[in-house]
Novice: 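Just dropping this structure here.
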Amino acid sequence: MYLVGWDKQEIKIVPKGYAMFGYGQWSHRAYEKRTALYARSFSIVDDQQNRLIFCCLDLGCITHAMRSQSVAQLQAILGQQFDENQLVLMATHTHSGPGGCAYEALYNMPTPGFVPEHLSAIVDAILLSIQTAIKQEQETEIFLTTQNFADDIPVAWNRSIKAYNRNPEVTSHFAGETHLALNREMQLIGFYREQKLQAFISLFGVHATCLGNKLKAHDGDNKGYAAAFSEQTLIEQGIQNPVTIFAQATAGDVSPHFHGKDQLKIRNKIKGEQEYQYAQQNGRYQSELALAAFQQSLQEVKGGVDAVFSYVDLSNVEIPSEFSNGQQGAKTSQPCHGTAFFAGTPVDGLGAPKPLIKGMQFLANQFKKQKTKHPLAPDYVFYQQLYASQGPKQILLEAGSKKILGQPIGFPPSILDPLIAEMNRQVKAGAIQQSPLVPSVVPLQIVRLGLFVIVCCPGEFTTIAGQRVIETVKQVLADQSAIERVWLSSYCNDYMGYVTTYEEYQEQAYEGGHTLFGQWTLAACQSKFKLLAKQLLLDKNQRSDDQTTRPEPIPEQELAKRSNHGNLKTAVRQGEAV
């Protein structure tokens, strides 16, 4: 028996015209609230008074700003009751939630800039939901179950099928079969009192992009609707204050829209109010499967809770040969965005126009030729190593060194795009001199609940990338422990872009273009998760996992210069004028 408490609190953000996070579109702004956005929390305490906390947010991602502020305040409030290693922050990945919530500069550009009031409201909701969950802890039984979506339930499709089919371990699927090229299993943790289901956590990977980038309201999208439907069903069954979390698993290449013949035409027919109906239906599919799964056979959870957590600098990882296909000297590199990133996804979110992408590709190729043909040039070795790590990616933005095609950010003419105008404004203001554009030092975490573990990943892992991480962790744990299940949750604790397999990366679809640290990114994650899993097998006083590596503090004066708190209308008007 465990002590478990749960709670949900609304994230109280009033839409004022800031751009939402997810699509990266300047015009995708929130002026109203369609549904409430929540922080939903569970606190689980074992017989030894070890506590595990899950908190899932109706947001596009978790940022280091959210986690670091929450950890600092929870340490002050709870003291020795709180262990930051045992806090899991998760995001539903709705693309209709607030932006401007990161200390790093790049993904805040459309907002425009950093919005302190958004971050404060999010942290307030996290703290209140966790504190309330702890206060409401009662004796609770915990059970696990899983259930697969039937093949004919139109809930998810693989949006990057050519890349998926490159993986040697998969059965190839084609245009009419993309709904089979993903993990259709939902994994569930159920919380019971008096033999009644009171609350649960669901893991299933599908992008929360039922709602497109033309809408103007905050909304929880499919995951938010799934939680609302499930909570309402439990209320109707007499359960008081139920909380249901619908978190993400391997969603990187999984879309809620049909991906096959005439896919864009089909997507474009779903507009306005129909998009909200589509999101609700997708959420209903997820809710119905979850509730039905608890009518099947259940496995009781028994045993202690535990967690290991460590930050890793993914920009500089030497890859062990077991994860590099035997290649010697394989390494990750500084984060880089390829032209495929700027092209966007086929249906969920189209990016720059095709002629502009063609121009980007030409320039990226010419730049690579220039930088790799003169061995005596001062930067020859640097670029040789960069392209060895980044492989076939047509690099446009070197996010680590803050360069576009070798030139410092801020040089493209503002007239090209309002996002470029905003970047130039921030560069001229001195707002990105020391601040990183994206995170490079990111958190990896494995949590244990009885005889199962959850691998908590800070990015968007594709179906097979996630599968390989699970297999890596399973191999470590299987030999020396009684662990029976290994699950994976993504969008946890921070945001580092995408992670594809090595084979998928070679395709350079959107997901590969947004796999920032190069073609060995997954290999780096596997090698680090292997080490972390070994630490989990040790007694706490014997562990030697890195507890000193942390992201560098962001200069407050630069953060202030990136905050468009008082001049939102001016910034938007200037952007729309160019």
Side-chain angles (χ1 to χ4, degrees), residues 5-16 18 20-22 30 33 36-43 51-79 81-94 96-105 107-108 111 113-135 218 220 224 243 245 247 309 311 435 439 441-443 445 456 458 491-495 550-556 558-560 562-565:
W6 49 80
D7 185 56
K8 71 175 182 180
Q9 296 290 331
E10 184 175 351
I11 301 169
K12 294 180 179 177
I13 292 175
V14 178
K16 295 181 179 178
Y18 288 106
M20 292 178 270
F21 174 87
K33 179 179 78 173
L37 305 177
Y38 289 102
R40 291 178 167 90
S41 294
F42 284 79
S43 175
R51 176 178 279 114
L52 186 60
I53 297 171
F54 292 96
C55 180
C56 186
L57 303 164
D58 288 329
L59 296 174
C61 72
I62 304 300
T63 66
H64 178 62
M66 295 174 198
R67 184 172 176 94
S68 59
Q69 283 204 17
S70 299
V71 164
Q73 295 194 46
L74 286 167
Q75 285 173 332
I77 295 165
L78 300 175
Q81 279 187 290
F82 177 71
D83 177 354
E84 69 166 307
N85 293 343
Q86 293 172 215
L87 168 67
V88 184
L89 289 182
M90 317 153 95
T92 62
H93 199 47
T94 175
S96 298
C101 305
Y103 290 148
E104 301 83 12
Y107 299 124
N108 287 347
T111 316
F114 174 61
V115 187
E117 67 192 61
H118 285 185
L119 178 60
S120 295
I122 291 165
V123 172
D124 286 348
I126 292 170
L127 296 174
L128 186 54
S129 68
I130 289 174
Q131 288 177 270
T132 307
I134 290 172
K135 289 177 183 175
H218 285 161
V243 172
I245 284 175
F309 178 97
Y311 280 89
S435 303
V441 178
V442 299
Q445 183 181 38
C456 302
Y491 308 95
C492 292
N493 300 312
D494 205 344
Y495 184 73
R550 286 289 189 275
E552 290 290 328
I554 304 296
E556 288 188 17
E558 290 194 14
L559 202 54
R562 289 205 300 279
S563 301
N564 285 313
H565 206 94

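Reckoned from all heavy atoms, side chains included, excluding hydrogens, waters and symmetry mates. Predicted, not measured: the structure shown is a model, and the values here were computed from it.
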Novice: Which atoms form the tightest heavy-atom contact between Ala39 and Ile126, and what is the distance?
Specialist: CB-N, 4.1 Å
Novice: Quick one: closest heavy-atom pair of Ala65 and Cys101, and the distance?
Specialist: CB-O, 3.7 Å
Novice: Heavy-atom count around Gln75 CD within 6.0 Å, excluding the residue itself: above 12?
Specialist: yes
Novice: Give the C-alpha distance, both sets of side-chain angles, the deciding distance and a yes or no for side-chain contact (heavy atoms from CB on, under 4.5 Å) between Ile122 and Leu57.
Specialist: CA-CA 8 Å; Ile122 291 165; Leu57 303 164; 4.2 Å; yes
Novice: Check whether any side-chain heavy atom of Gln73 lies under 4.5 Å from a side-chain heavy atom of Ile130, and answer yes or no.
Specialist: no
Novice: Which value, rounded to the nearest 0.5 Å, describes the distance between Thr94 atom OG1 and Leu59 atom CG?
Specialist: 8.5 Å
Novice: Answer whether the closest heavy-atom distance between the side chains of Tyr311 and Pro551 falls below 4.5 Å.
Specialist: yes
Novice: Between Arg550 and Ser68, do the side chains contain a donor N or O and an acceptor N or O under 3.5 Å apart?
Specialist: no
Novice: So how far is it from Ser43 OG to Gln131 CD, rounded to the nearest 0.5 Å?
Specialist: 11.5 Å
Novice: Does the Gln86 side chain pair with the main chain of Arg51, one donor and one acceptor, at a distance under 3.5 Å?
Specialist: yes
Novice: Sub-3.5 Å donor-acceptor pair from the side chain of Asp7 to the main-chain atoms of Ser41, do we have one?
Specialist: no
Novice: CD1 of Ile11 to OG of Ser120: how many Å apart, nearest 0.5 Å?
Specialist: 13.0 Å
Novice: Closest heavy-atom contact between Leu128 and Gln9?
Specialist: CD2-OE1, 3.3 Å
Novice: Does Gln445 reach the main-chain N or O of Asn85 with its side chain, forming a donor-acceptor pair under 3.5 Å?
Specialist: yes
Novice: Enumerate the residue pairs fulfilling salt bridge (Lys or Arg N to Asp or Glu O under 4.0 Å) with a member in residues 61-79, sequence neighbours excluded, ordered by first and then second residue.
Specialist: none
Novice: Is the His118 ring parallel, tilted or perpendicular to the His218 ring (thresholds 30°, 60°)?
Specialist: perpendicular
Novice: Before giving the answer on side-chain contact (heavy atoms from CB on, under 4.5 Å), spell out for Asn108 and Val115 the whole-Å C-alpha distance, their side-chain angles and the decisive distance to 0.1 Å.
Specialist: CA-CA 9 Å; Asn108 287 347; Val115 187; over 6 Å; no
Novice: Do the ring planes of Phe114 and Tyr103 sit parallel (below 30°), tilted (30 to 60°) or perpendicular (above 60°)?
Specialist: tilted
Novice: For Phe309 and Asn493: C-alpha separation, side-chain torsions, deciding distance, then whether side-chain contact (heavy atoms from CB on, under 4.5 Å) applies.
Specialist: CA-CA 10 Å; Phe309 178 97; Asn493 300 312; 4.1 Å; yes
Novice: Do you know which two heavy atoms are closest between His64 and Asp494, and how far apart they sit?
Specialist: N-OD1, 3.3 Å
Novice: Can you tell me how far apart CD1 (Ile245) and NZ (Lys8) are? Round to the nearest 0.5 Å.
Specialist: 11.5 Å
Novice: Under 4.5 Å between any side-chain heavy atoms of Ile134 and Leu78, yes or no?
Specialist: yes
Novice: Which heavy atom in Tyr107 sits nearest to a heavy atom in Thr111, and how many Å separate them?
Specialist: O-OG1, 4.5 Å
Novice: Would you compute the distance between atom OG of Ser129 and atom CZ of Phe42 and round it to the nearest 0.5 angstrom?
Specialist: 10.5 Å
Novice: I need the minimum non-hydrogen distance between Ala125 and Glu10, along with the two atoms involved.
Specialist: CB-O, 3.8 Å
Novice: Verify, without hydrogens or angle tests, whether Glu558 (side chain) and Ser435 (backbone) share a donor-acceptor contact under 3.5 angstrom.
Specialist: yes
Novice: Under the side-chain contact (heavy atoms from CB on, under 4.5 Å) criterion, do Ile77 and Phe82 qualify, and how do the steps go?
Specialist: CA-CA 9 Å; Ile77 295 165; Phe82 177 71; over 6 Å; no
Novice: How long is the span from the OH atom in Tyr495 to the CD1 atom in Ile62, to the nearest 0.5 Å?
Specialist: 12.5 Å
Novice: Under a 4.5 Å cut-off applied to non-hydrogen side-chain atoms, are Ile13 and Leu37 in contact?
Specialist: no
